[in-house]
Amino acid sequence: MSEQTAAAEKSSWLNRALNAIEVVGNKLPDPAVLFALLMVIVWGISWLLSGVTFTELDPRSGQQIQIINLLSGEALTNFTSNIVNTFVTFPPLGVVLVAMLGLGVAEYTGFINAGLRSILTVTPKMLLTPVLIAVGVLSHVAVDAGYVLVVPLGAVIFYAAGRHPLAGIAAAFAGVSGGFSATFFLPSSLDPLLAGLTQTSAQILDPTVMVNPLNNYIFTTASTFLIIAIGWVLTDKVIEPRLKATKVDGDTSQMVTMDALKPNELRGLKAAAFSMLAVMALLVLTIVLPETTPWAAKPEQVLPGVNPLLTAAAPLMKSIVSIIFIFFLVPGIVYGYVSGSVKNHRDVVAGMSHAMSGMGYYIVMAFFCALFLYAFSQSNLGVLLALKGANALKAMGLPLGMTLVGIVFLSGFVNLVVGSASAKWALIGAIMVPMLMELGISPDLTQAAYRVGDSSTNIITPLLPYFPLIVVFCQKYVKNSGIGTLVALMLPYSVVMLVLWTAFLLGFWALDIPLGLGSSYTYSATN
């Protein structure tokens with residue numbers, strides 16, 4: 001059998017497997033109904049297990065884990081009285097809607113269309129995939145902005161270049177969410193957050209331990225290039241060929257085409273670019289000119305060694321969505337008036353209304369997703385699963401290398417049932433970090449293993465708060481897209497990342513390459 005024939009058969013087997021996953025996944029109820037059903041199932045399981053005594057200790061309280069009966073009168077009345085607040089405070093909801101208002105104007109006036117056409121004329125088609133993934137990884141600096149900005153633009157860019165838009169969504173999602181623990185030279189707000197939790201866990205055993213917020217910085221920066229390579233190969237060689245049979249049946253009337261820019265569009269684009277630079281310059285000046293910039297966090301809110309502009313408490317980080325809104329609203333309006341696509345302020349409002357009209361389905365899904373996640377969190381079921389997995393790993397007594405692999409896979413599994421990266425690490429880190437310190441493994445290495453597992457399965461868990469939004473983006477181009485479609489798209493990325501990224505970490509360890517600033521691989525009481 002020739003190598004070409006063997007590769008074709010392998011590809012055919014992979015396609016059949018992914019197609020089966022997609023079909024089964026899409027036969028599930030509508031995502032909104034699915035979240036509602038899962039919530040009811042959580043209620044039932046919480047009732048069944050509420051009287052069971054568990055030996056696991058909750059690291060947050062130091063008490064034995066107890067499953068809360070969500071069907072008790074107190075729990076039900078608490079649930080109903082908090083439905084509105086649970087929905088309106090659902091983290092992705094405001095992020096998505098505010099960002100989409102600005103993006104909606106920029107799209108409605110034609111600014112995004114013209115801008116992408118100008119970029120695509122100078123960008124080699126073969127480099128679109130790695131550049132898109134790199135931008136997705138870089139977006140972590142702006143917290144969750146990549147989900148509402150990079151992922152939909154990935155589809156637009158691919159479609160404009162004559163490629164399948166779902167492949168663009170997959171590549172962008174792989175960079176934004178699959179590479180969540182990679183850092184493209186700039187640290188993200190996740191670095192000090194996880195380091196703080198790691199230090200707290202380490203001090204359970206040794207109160208003198210201090211963890212540098214950039215203790216994984218070298219590893220996560222190097223990981224960016226691995227993520228880009230994995231995403232590039234899988235998108236171009238596996239995902240896009242499989243999508244050839246998937247027809248784009250969405251409304252293509254507003255999608256970018258590769259027509260040459262007209263004179264009025266070129267004038268509008270130049271004016272819009274100048275306005276965007278002006279807004280950016282104003283932002284930079286307010287950061288660098290004042291002796292004490294109002295964009296920085298207060299000294300008492302900043303961990304040692306962390307840039308006060310990049311910590312999660314900094315007004316700059318909290319304003320990312322607002323900045324995105326302004327960065328697209330202003331040039332969108334300028335482009336519209338200069339190019340003639342906008343006549344008055346009513347057209348601008350129409351652009352915002354048009355953007356919101358397309359978010360109706362997402363809002364419905366977000367409502368049920370928020371209620372399900374609230375119920376799951378209140379029940380303590382996710383905490384129980386995380387702690388039982390960590391204790392089982394501890395009881396196995398595996399060799400150190402295998403223990404690290406175990407942490408990666410445990411983190412990946414727990415990620416399927418607990419969405420928040422910090423919440424997961426607060427739970428299992430309190431067990432894993434002290435346990436491995438007793439075995440001579442540093443908290444820095446344990447944290448790095450956790451980050452690999454957590455990121456690798458982000459892209460296949462419907463419990464990711466932004467997962468319903470990505471499904472909506474897919475439906476814009478392929479109407480019958482569902483959870484199965486997205487899981488089948490992203491599963492190859494998840495599996496390959498899990499395996500190769502774990503090997504990459506073990507390679508760092510074997511070669512004794514520093515993980516980050518002030519980091520180590522070993523721990524002793526005299527560290």
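Position 1 is the first residue of the sequence, and the numbers go up from there.
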### Message
Determine whether F158 and T129 satisfy the following criterion, side chain to side chain contact (heavy atoms under 4.5 Å, CB included), listing intermediate values before the conclusion.
### Response
CA-CA 9 Å; F158 266 51; T129 303; 3.5 Å; yes
Could you please spell out the steps behind the side chain to side chain contact (heavy atoms under 4.5 Å, CB included) verdict for V338 and K270?
CA-CA 9 Å; V338 175; K270 289 179 180 178; over 6 Å; no
### Task
Begin from the C-alpha positions of D444 and V211 and carry the test side chain to side chain contact (heavy atoms under 4.5 Å, CB included) through to its verdict.
CA-CA 8 Å; D444 308 306; V211 176; 4.0 Å; yes
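Of the residues L500, L445, V405, I407, the one that meets the side chain to side chain contact (heavy atoms under 4.5 Å, CB included) test with L505 is L445. Among V408, I227, L498, the one residue that satisfies the side chain to side chain contact (heavy atoms under 4.5 Å, CB included) test with S456 is L498.
In summary, the aromatic rings of F409 and F413 are positioned with their centroids too far apart to meet the 6.0 Å limit.
The side-chain heavy atoms of C474 and I169, taken from C-beta on, include a pair separated by under 4.5 Å. Between K244 and H164 the shortest side-chain heavy-atom distance does not fall below 4.5 Å. Contact annotation: the side chain of M276 never approaches that of V330 to less than 4.5 Å [non-hydrogen atoms, C-beta and beyond]. Looking at heavy atoms from C-beta onward, Y450 lies in side-chain contact with L194 at the 4.5 angstrom threshold.
Relative ring orientation between Y335 and F111 is described as tilted, the plane-to-plane angle lying within the 30° to 60° band. Ring pair Y477/Y159 is tilted by interplanar angle, where 30° to 60° counts as tilted.
Between the side chain of S357 and the backbone N or O of H354 there is at least one donor-acceptor pair closer than 3.5 Å.
Donor-acceptor pairing under 3.5 Å is lacking for the side chains of R451 and S223.
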